Amino acid sequence: MIRYSEEILNEVRQSNDIVDVISQYMHLKRSGRNFFGLCPFHNEKSPSFSVSPDKQIFHCFGCGVGGNVITFVSKIEGINFIETVQMLAERANIQLPTLENSGDTQKEILKDKVYKVNEFTAEFYHQNLYKPQAKIAQEYIKKRQLSNETLKSFRIGFSGKFDELYQELKKQGFEEKEILESGLVNKNERGQYIDRYRNRLMFPICDVRGRVIAFGGRVLDDSKPKYINSPENVVYSKGRHLFGLNVAKKGDTKQLLIVEGYMDVISLHQRGITNVVAPLGTALTEGQGWLLRKNAEQIILSFDSDEAGLKAKLRALEILQNMGCDLRILQMEGAKDPDEYIIKYGNARFKNLIDKALSIIEFKVKILQKDLNLENTNDKIKFLNEIAKLISKVDNTIEREVYIEKIAKEYDISKEAIYAEVNKLTYKNSNNDKLLEKTKPIITHKKIEKKEVSQAIKRRENTIISILLTSDLSIFEIIKQNIKAEDFQDETNAKIAKKLYEEFEKGNSNINGIIDNLEQEEQNQITMIMAEDYEIDDLEKAIDDIMQVYQKEKINNRKFEILELLEKTTDSNEKNELEKELSNIIIMLAKIK
């Protein structure tokens with residue numbers, strides 16, 4: 001498979017410092033030479049995710065995942081190698097060359113064509129909106145009080161009848177494969193090509209780079225379904241994008257407001273609330289969560305005030321809380337959604353709601369209070385117990401005290417009573433954590449080995465790989481004369497050694513480039529070895545000792561082979577030869593320290 005040259009890949013890696021890139025997704029704290037944080041790939045309470053600025057690698061000592069900057073972005077964004085390189089290249093303003101002759105390239109060519117189909121369609125629909133046949137859409141826009149500036153910012157459009165778009169796309173020279181792949185046109189059983197969207201108000205969906213990747217179409221009469229969205233395809237995965245983020249990013253996005261639908265985003269944007277985005281017809285996904293975490297310091301949830309909106313908030317809270325986001329929840333009364341609220345009460349009042357958005361604790365306390373009668377003694381005791389559980393999970397002591405003060409005052413509960421319950425639970429949780437720490441099994445990233453290899457052998461092999469990774473090619477020349485890649489007994493180490501030997505033979509000592517060509521399990525292992533501190537005071541002596549061990553093992557293995565052959569043979573000449581060899585082996589073993 002042909003891909004970008006190693007020179008280009010190296011430029012992309014060097015221009016994207018791993019600490020800077022990972023810091024966009026998660027909070028990292030320096031400890032010694034490295035940075036640590038809570039692993040984004042598994043749930044943990046104590047930071048075991050390590051990032052090395054010197055080696056430009058990451059490794060989690062909890063779940064074992066590891067790699068370089070390309071590995072990290074690929075895993076967290078859920079995109080392939082080529083897409084990751086393109087994303088990082090754009091981040092660093094690097095112009096990439098055109099790829100040729102590979103399976104990945106054919107996919108990239110198709111993607112490029114689909115982007116062009118989508119771009120043409122967005123403009124085609126937008127121009128349609130101003131034509132006489134779009135009267136129904138124009139009336140709807142007037143009713144929703146959308147300005148011409150807003151229509152242009154979001155490129156809102158109108159879809160026509162039957163195969164109007166298909167015919168235009170054919171006129172433009174697009175082929176059926178890319179037209180169908182875009183999801184804008186369907187082919188029926190009779191072989192007719194029919195536009196997916198007909199007589200609908202159209203909302204182009206763009207990725208964070210501003211490329212049109214999909215469409216949402218709203219019905220303008222009583223037809224069902226109310227909304228139709230593009231199917232997932234070669235350029236579109238709804239769980240990885242947010243509607244309006246490309247527009248929101250043009251302003252200050254230190255704070256992002258999440259709403260439910262297209263019209264909420266558009267209506268708020270027109271009225272001066274420009275830092276607003278929406279999921280794409282689905283509950284908030286982890287991929288969208290990372291996108292938010294990367295693009296904003298604070299996230300405010302503002303889903304509809306009905307039961308479905310409450311459930312959506314709780315689901316989003318769980319996802320975003322696990323990512324360490326600074327979260328707030330906007331509380332709205334007197335309107336079912338932000339669009340209706342801002343039209344009814346105006347910009348200033350909506351901004352006031354944003355300023356007064358609740359913390360997670362305050363929001364959960366409000367939900368608890370809704371279902372209880374605090375005039376009733378039993379309900380008040382239950383309320384106290386539940387809020388104590390919530391506050392006991394807050395690690396920051398000052399933050400905990402602020403919540404206790406506020407809740408005690410607002411709900412007329414003794415501060416001392418809350419403190420007593422919280423302290424009781426904190427002590428209990430602390431003891432439980434210690435107990436779990438003692439009893440929990442050791443987490444290992446490795447699969448069960450087909451061949452059992454002792455820890456001593458693994459440690460020795462890890463040391464050899466560490467020496468190969470940190471020494472010059474002259475050391476490799478010495479090692480390879482005595483230790484072959486096939487001598488490694490741990491299967492993963494054997495694969496890593498084979499790759500290192502192959503690359504070093506070519507004179508390539510670019511470790512980050514080699515990492516890109518390893519399978520994920522091998523990346524996990526090699527970054528673990530790189531992240532571990534294999535202290536070697538005397539390199540020459542260490543290499544000599546290891547090689548002697550290997551030499552002794554090989555001779556010992558031959559000794560056991562001879563002993564087995566001696567038991568089986570009946571030929572006197574063969575027996576004599578074997579006994580001579582055995583005698584020589586015993587002498588050789590005596591000479592080895």
Side-chain angles (χ1 to χ4, degrees), residues 122-123 125-131 134-159 200-208 210-220 226-227 229 241-281 292 295-296 298-305 309 328 330-357:
E123 190 57 31
Y125 284 155
H126 182 63
Q127 294 305 322
N128 267 2
L129 185 64
Y130 301 98
K131 293 177 180 176
K135 189 178 178 186
I136 187 172
Q138 292 160 8
E139 286 172 355
Y140 177 83
I141 282 160
K142 190 176 179 182
K143 188 174 78 174
R144 299 305 294 259
Q145 303 173 33
L146 299 181
S147 69
N148 197 43
E149 187 184 346
T150 299
L151 297 177
K152 288 185 186 302
S153 287
F154 288 91
R155 296 172 79 182
I156 296 168
F158 178 70
S159 55
R200 286 177 178 265
L201 192 69
M202 298 302 299
F203 304 97
I205 297 163
C206 297
D207 64 12
V208 73
R211 298 176 300 185
V212 182
I213 54 173
F215 292 84
R218 189 195 192 284
V219 77
L220 294 166
K226 186 176 177 182
Y227 279 95
N229 296 309
H241 300 281
L242 291 160
F243 180 74
L245 183 57
N246 62 306
V247 181
K249 270 181 71 71
K250 291 174 184 174
D252 181 9
T253 55
K254 285 181 183 175
Q255 183 188 71
L256 276 175
L257 178 67
I258 311 174
V259 294
E260 272 191 55
Y262 305 131
M263 283 308 301
D264 290 322
V265 172
I266 291 162
S267 184
L268 290 173
H269 190 277
Q270 178 169 302
R271 290 160 181 85
I273 314 290
T274 58
N275 57 333
V276 56
V277 296
L280 294 157
L292 289 163
N295 284 287
Q298 186 183 77
I299 296 158
I300 300 174
L301 296 176
S302 176
F303 291 150
D304 296 356
S305 55
R328 298 285 184 273
L330 188 139
Q331 292 286 278
M332 213 166 28
E333 290 179 7
K336 65 177 173 57
D337 56 38
D339 175 29
E340 184 183 303
Y341 190 96
I342 202 162
I343 289 171
K344 196 171 177 182
Y345 300 112
N347 175 299
R349 199 155 154 185
F350 189 83
K351 280 187 174 176
N352 190 43
L353 284 185
I354 293 174
D355 294 338
K356 291 182 177 178

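Since this is a predicted model, take the numbers as computed values, not measurements.
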Undergrad: Under 4.5 Å between any side-chain heavy atoms of Ile213 and His241, yes or no?
TA: yes
Undergrad: Would the distance check show the side chain of Arg200 and the main-chain N or O of Lys226 forming a donor-acceptor pair, the cut-off being under 3.5 Å?
TA: yes
Undergrad: Taking atom CD1 of Ile343 and atom CE of Met263, what is their separation to the nearest 0.5 Å?
TA: 7.0 Å
Undergrad: What orientation do Tyr345 and Tyr341 show, parallel under 30°, tilted 30 to 60°, or perpendicular over 60°?
TA: tilted
Undergrad: Any chance you could measure Asn229, atom CG, to Leu280, atom CG, to the nearest 0.5 Å?
TA: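 Rounded to the nearest 0.5 Å, the CG-CG separation comes to 7.0 Å.
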Undergrad: Does some side-chain heavy atom of Val259 sit less than 4.5 Å from a side-chain heavy atom of Phe243?
TA: no
Undergrad: Check the pair Ile299 / Ile258 against side chain to side chain contact (heavy atoms under 4.5 Å, CB included), numbers first and verdict last.
TA: CA-CA 7 Å; Ile299 296 158; Ile258 311 174; 3.4 Å; yes
Undergrad: Does Ala335 offer a backbone N or O that forms a donor-acceptor pair with the side chain of Lys344 under 3.5 Å?
TA: no
Undergrad: Is a side-chain donor or acceptor of Gln138 paired with a backbone partner of Leu129 at a separation under 3.5 angstrom?
TA: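 At least one qualifying donor-acceptor pair exists.
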Undergrad: Is there a side-chain contact between Val247 and Thr274, using heavy atoms and a 4.5 Å cut-off?
TA: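 No; the side chains remain at least 4.5 Å from each other.
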Undergrad: Are the side chains of Lys254 and Gln298 in touch, meaning some heavy atoms are under 4.5 Å apart?
TA: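 The answer is no; the side chains never approach within 4.5 Å.
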Undergrad: Could you check if a side-chain atom of Ile141 sits within less than 4.5 angstrom of a side-chain atom of Leu201, using non-hydrogen atoms only?
TA: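 The answer is yes, as the side chains (C-beta and beyond) meet within the 4.5 Å cut-off.
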Undergrad: Can you give me the closest heavy-atom contact between Ile273 and Val276, atom names plus distance?
TA: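 Result for this residue pair: O-CG1, 3.3 Å.
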Undergrad: Nearest 0.5 angstrom please: Glu260 CD to Leu301 CG, how far?
TA: 10.5 Å
Undergrad: Between Asn128 (side chain) and Ser159 (backbone), is there a donor-acceptor pair under 3.5 Å?
TA: no
Undergrad: Any heavy-atom pair between the side chains of Gln255 and Ile354 that's under 4.5 Å?
TA: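 When only atoms from C-beta onward are counted, Gln255 and Ile354 do touch, with a gap below 4.5 Å.
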Undergrad: Give, for atom CZ of Arg349 and atom CG of Asn352, the distance between the pair rounded to the nearest 0.5 Å.
TA: 9.0 Å
Undergrad: Applying side chain to side chain contact (heavy atoms under 4.5 Å, CB included), run through His269 and Phe154 and close with a yes or a no.
TA: CA-CA 10 Å; His269 190 277; Phe154 288 91; 3.7 Å; yes
Undergrad: With the side chain counted from C-beta on, respond yes when Lys356 and Gln331 share a heavy-atom pair under 4.5 Å apart, and no when they do not.
TA: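 Of all side-chain heavy-atom pairs linking Gln331 with Lys356, none is under 4.5 Å.
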Undergrad: Tell me the closest heavy-atom pair linking Phe215 and Pro204, and the distance in Å.
TA: CD2-CA, 3.8 Å
Undergrad: Of all heavy-atom pairs between Val277 and Ala248, which one has the smallest distance, and what is that distance?
TA: CG1-CB, 4.3 Å
Undergrad: Hey, does Arg271 have a side-chain heavy atom less than 4.5 Å from the side chain of Gln145?
TA: yes
Undergrad: Could you check whether Tyr227 and Tyr262 have their ring centres less than 6.0 Å apart?
TA: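 Centroid separation for Tyr262 and Tyr227: below 6.0 Å.
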Undergrad: Apply side chain to side chain contact (heavy atoms under 4.5 Å, CB included) to the pair Lys143 and Glu139, showing each step before the final yes or no.
TA: CA-CA 6 Å; Lys143 188 174 78 174; Glu139 286 172 355; over 6 Å; no
Undergrad: How long is the span from the CZ atom in Arg328 to the OG atom in Ser302, to the nearest 0.5 Å?
TA: 15.0 Å
Undergrad: NZ/Lys249 to SG/Cys206 distance, rounded to the nearest 0.5 angstrom?
TA: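 Between Lys249 NZ and Cys206 SG, I get 14.0 Å after rounding to 0.5 Å.
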Undergrad: For Lys131, is the NZ atom crowded, meaning more than 12 foreign heavy atoms sit under 6.0 Å from it?
TA: yes
